[in-house]
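What you see is a predicted model; the values in this text were computed from it and never measured.
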Amino acid sequence: MKKNPWKYLKSLRYSIVLVTCCCLMLVGQATLSEQISHNLERDIKVGIYQNSPKVFVDDSGNPAGFWVDIVDDIARINNWSIVYVPCIWSECLNLVEEDGLDLMVDVAYSPERDRTFSFNSNVVLASWSQIYARQGLELNSILELDNKRIGILRSSIQQDVLEKEIQAFGIYPTLVEVDSFDEVFALLEKGEIDAGIVNNFFATKEANKYSIVKTNILINPARLHFITQNDDSKNILPELDLVMEQLIDDPNSSYYQAMNTWLEPQKVFGWQDIRKIIMDFIIYIPFFGLVFVVLWNYFLKKEVNRRKIVEQNLRESEESYIHLTNHIPVGVFKTDKDFNCLYVNEYCCELMGLSEQQIKTEGWLMGIHPEDKEKTIHWTNSIKKGVIFDLEYRFQRPDKSIIWVFGQCLPEYDDHQKVRGYIGTVTNISDRILAEQQLKHNAFHDKLTGLANRDLLTQRLELAIQKQKRDHNVRFAVLFLDLDNFKIINDSLGHSTGDKLLVAMAKLLQGFIREIDIAVRLGGDEFVVLLEDIDGIQEAIVVAQRIIQALKSPLVLDNKEVFIQTSIGITTSSERRENAESILRDADIAMYKAKQSGKGKYAIFDPIMHSQAVERLQMENDLRNALENNQFILNYQPVVNLKSGSIEGFEALIRWQHPQKGLISPLKFISIAEEMGLIIPLGEWILDTACQQLSIWQKQFNSPLKLSVNLSVKQLNYCLIETLDNILFRHQILPNTLTLEITESMLIENFESTSNLLYKIKERNISISIDDFGTGYSCFSYLHRLPVDILKIDRSFVHNLELNGHNQLITESIIVLSKSIGMSVIAEGVEAVEQKIWLQRHGCSFGQGYFFSPPLLPLLATMVLQKGSYQEYIKTRP
């Protein structure tokens, strides 16, 4: 059998391909995998819709048109695999937004769309829209669209622009949304709509297929782009723009070939056309010869009448156009290709404050703000290159007033697509710019005082820090101010007066700083002053002293004199601080140091303050944990009858058993607990624990043993009554065996309310003791007005009692006073037998101190009670 050579060659070809594939797999498997992965990553889904000749699906179902040619060439250069997805216009946009499409073509730019999609940088096409009317309807201006049915592409830029024009001109047409421009023409031909809007490229190609009327109304100069989803996750646009720039710069590229093919089709005139013309001429010339003479006069007359009508329509259209442009709130101008102004509307003249003649002679160029003239030069150069451009710039009128305008300009082409001039608009955007500037001001300034706020201060501080790092000789200082007792003024005089006080304080601060400095309100009654370019700390001190001195005089608010003081913390620039936050923190720390030193003072930050602040913060954190983890304990120090030596009762003393620092004295943490607000739950725990222990002892020893507990000033409110009722209900103790100790300062601070509270406590068979008597106000006149049972002589008077005559005199006076008004007296801090003897000899009934016993844990205190005294307990210990 004869072998088939083609079959042999085919088998050989398969063998060669197989061997080649194997070699490729062995030599470059990794490279091939990477290439395949790359190709997969470059599958691009492109949306197309029916908008011939720019983009459409032809009768064979294939994508075609200007945009398809461009996309195919870009895909070839970038090694993309294109998948065309046909869709109607509005669906295409939704698919891009929902990541159903990677790329969409033929999209007109608008600020609204720019917030939803990402546009490529290069303008691919410049277009405009043309209005067509149904047969029998004549339209000469956009105003005649009133009460007409208008066909318009759904979700198109034409729809957005027309809706704005409708609102601007106050007309009320009915918009009929369609999914393609073909549908617009079809509805016009059927008479179902009165007018329709299509783009000029579609109209040029398709309008002659329908029985419709072309009008002279043009709208919507548009820039056509590619778009992607807003984040352009596949990074398509940068690659696309790079190729587009190359295509636009090359006159022989596919870009211009596609434009000639689809947008500027040229009919080829051949022999067949010549032959047809000759045959038609031969056939019809006799007929034309016969009717020519008959119809000549008729058509001539008709032509004359038609031209008169056309001329009249043109005059009316021109007048209508001028009337329209003169009454819209937008400046409109038209130039020739050399930028010589041919037309300008009245609003533009009013906007610029120039006459029509001044504008036409380029006098308006002199009014452009000097800082913006370079922008306008760039604008005109871009327009000369055929690039549509828009710009915001300032214009200075002859009366020196300045307005912000938004200018737009685009080329106007003749029938040969050559630039014959430019059409532009100028819009007054001063209100928007001023609103934006006001919003920016509000974002960085305090609404009440007008001072800078924390955000602006942070920016200025960061700049000052960077400036100081570049030049170590540059110095700055920060003053942190907090008004003393502002809350009292705010609560007593009202928030309105408080606000006026803050405003007055802001004005005062501004009077003490230079233009390069800045005064800031952080919030509440806290202010900051940033002093820049100072010689040293002394300048900051002088400013602080002046502020404090100025506040010694009253501020007059609503015809009232208000006195206020401020505490000021000062810190200066330092290389060790890297940011604004640390500087403000240090100034704040210094301010609290000044406040602790007294009202109306200043303090300068040093690193020790920061260490103390860190230690204080750690103490606060530890206190919160201590309360949650039951780290507090109560010690009990005996109160002894000086005559019999027997234990009369105990004073409950709190201690903090810190897991790392050991036992911590209440002198170190009680004041912090008060500031933090922890003293309330801590005080309740002390009362509850002490009463529970007292109840146990009273039952165990069948004795009316007494126990005293110290109260904080924060506890002196009517919530204390409820707390006491609950505790007394839980722990049954004998009447008048619980004593609550308060200090003299707590009484004087709010005498009336404190007095009422003490009487309510007294009603519950609880005794009241005044602790540290003699160290405070020592005003004896208030004692008879209060339900006080016990006075406690402070340990400072008992110390060196036998050697100090002054101490003896005060102590003896307290003892005599207490006896005269029927009160018991207890001496604290008894540490020597001589002190005990002196007190006993002068009539003091009870004593407390290390001479009798140190504070004891509950178990040890119980053992001391069993022995009768601490000394007897000591004797029995092994």
Side-chain angles (χ1 to χ4, degrees), residues 634-655 665-668 670-671 705-711 739-748 767-780 782-783 786 788-856 861 864 868-874:
L634 285 184
N635 284 353
Y636 299 91
Q637 188 173 36
V639 177
V640 177
N641 189 309
L642 295 181
K643 288 183 179 180
S644 64
S646 62
I647 296 176
E648 186 76 12
F650 291 91
E651 180 181 1
L653 302 172
I654 190 169
R655 298 291 186 268
S665 167
L667 296 177
K668 293 186 177 181
I670 288 296
S671 60
L705 197 66
K706 296 182 179 181
L707 182 67
S708 61
V709 177
N710 291 284
L711 290 182
T739 301
L740 299 183
E741 295 188 8
I742 60 176
T743 62
E744 284 184 282
S745 59
M746 292 163 63
L747 288 171
I748 301 302
S767 300
I768 306 297
S769 171
I770 298 181
D771 195 15
D772 303 334
F773 189 78
T775 60
Y777 297 92
S778 300
C779 182
F780 298 155
Y782 69 78
L783 289 178
L786 296 172
V788 178
D789 302 287
I790 302 169
L791 296 180
K792 296 190 76 171
I793 303 172
D794 187 68
R795 65 183 65 250
S796 62
F797 299 123
V798 177
H799 184 65
N800 293 328
L801 185 63
E802 67 281 4
L803 301 176
N804 190 314
H806 179 71
N807 285 357
Q808 290 179 359
L809 180 60
I810 293 176
T811 303
E812 187 174 357
S813 299
I814 294 173
I815 295 171
V816 172
L817 172 66
S818 63
K819 287 184 176 181
S820 66
I821 58 179
M823 296 182 186
S824 299
V825 62
I826 300 175
E828 292 184 305
V830 179
E831 297 179 356
V833 65
E834 294 81 8
Q835 295 169 357
K836 175 197 171 188
I837 294 172
W838 191 95
L839 290 167
Q840 189 175 6
R841 186 170 63 247
H842 286 81
C844 182
S845 304
F846 304 100
Q848 176 184 347
Y850 276 80
F851 176 77
F852 305 109
S853 172
L856 306 170
V864 168
S869 69
Y870 183 72
Q871 288 74 16
E872 291 298 324
Y873 165 75
I874 293 297

Chemist: Going through the distances and angles, do Phe846 and Asn641 end up as a side chain to side chain contact (heavy atoms under 4.5 Å, CB included)?
Modeler: CA-CA 5 Å; Phe846 304 100; Asn641 189 309; 3.9 Å; yes

Chemist: As an exercise, state the distance from OG of Ser818 to CD1 of Ile826, rounded to the nearest 0.5 Å.
Modeler: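 Nearest 0.5 Å value for the OG-CD1 distance: 10.5 Å.
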
Chemist: Output the distance between atom CD1 (Ile815) and atom SG (Cys844), rounded to the nearest 0.5 Å.
Modeler: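 Output value for this atom pair is 5.0 Å.
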
Chemist: Where is the tightest heavy-atom contact between Pro666 and Arg655, given as atom of each residue plus distance?
Modeler: CD-NH1, 3.6 Å

Chemist: If we only count heavy atoms from C-beta on, is the Ile654 to Ile670 side-chain gap below 4.5 Å?
Modeler: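 In contact.
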
Chemist: Rounded to the nearest 0.5 Å, what separates atom OG1 in Thr739 from atom CG in Asn710?
Modeler: 11.0 Å

Chemist: Search all heavy atoms of Pro855 against all heavy atoms of Asn635 and return the closest pair with its distance.
Modeler: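 Taking every non-hydrogen atom into account, CB-CB, 3.7 Å.
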
Chemist: Parallel, tilted or perpendicular: which one describes the rings of His842 and Trp838, with boundaries at 30° and 60°?
Modeler: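 Because their plane-to-plane angle is under 30°, the rings of His842 and Trp838 count as parallel.
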
Chemist: For a quick test of reading the model, state the closest non-hydrogen atom pair linking Pro854 to Leu856 and the distance between them.
Modeler: O-CG, 3.3 Å

Chemist: Looking at Glu648 and Gly847, would you say the former's side chain and the latter's main chain have a donor-acceptor pair under 3.5 Å?
Modeler: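 It does not hold such a pair.
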
Chemist: Let me see the working for Lys836 and Leu642 under side chain to side chain contact (heavy atoms under 4.5 Å, CB included), right down to the final yes or no.
Modeler: CA-CA 7 Å; Lys836 175 197 171 188; Leu642 295 181; 4.2 Å; yes

Chemist: Side chain of Lys819, backbone of Gly843: donor and acceptor closer than 3.5 Å?
Modeler: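 Side chain of Lys819 to backbone of Gly843, a donor-acceptor pair under 3.5 Å: yes, one is there.
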
Chemist: First locate atom CZ of Phe797, then atom NE2 of His806, and finally report the distance between them rounded to the nearest 0.5 Å.
Modeler: 6.5 Å

Chemist: Rounded to the nearest 0.5 Å, what separates atom CG in Asp771 from atom CG in Leu711?
Modeler: 10.5 Å

Chemist: Does His799 offer a backbone N or O that forms a donor-acceptor pair with the side chain of Gln835 under 3.5 Å?
Modeler: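 No, Gln835 side chain to His799 backbone: no donor-acceptor pair under 3.5 Å.
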
Chemist: Of all residues at least two apart in sequence or in a different chain, which pass the side-chain hydrogen bond (donor to acceptor under 3.5 Å, both in side chains) check with Gln637?
Modeler: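 side-chain hydrogen bond (donor to acceptor under 3.5 Å, both in side chains) check on Gln637 returns Gln848.
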
Chemist: Considering non-hydrogen atoms only, spot the tightest contact between Leu839 and Ala827 and give its length.
Modeler: CD1-CB, 3.5 Å

Chemist: May I ask you to decide if Lys668's main-chain N or O and Ser665's side chain share a donor-acceptor pair within less than 3.5 Å?
Modeler: no

Chemist: Quick check for you: to the nearest 0.5 Å, what is the distance between Ile793 atom CD1 and Thr811 atom OG1?
Modeler: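 The CD1 atom of Ile793 sits 5.0 Å away from the OG1 atom of Thr811.
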
Chemist: For Ile647 and Pro638, which heavy atoms make the closest approach, and how far apart are they?
Modeler: CG2-CB, 4.2 Å

Chemist: Do you know the tightest heavy-atom contact between Tyr636 and Leu707?
Modeler: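 Minimum heavy-atom separation between Tyr636 and Leu707: CD2-CD1, 3.8 Å.
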
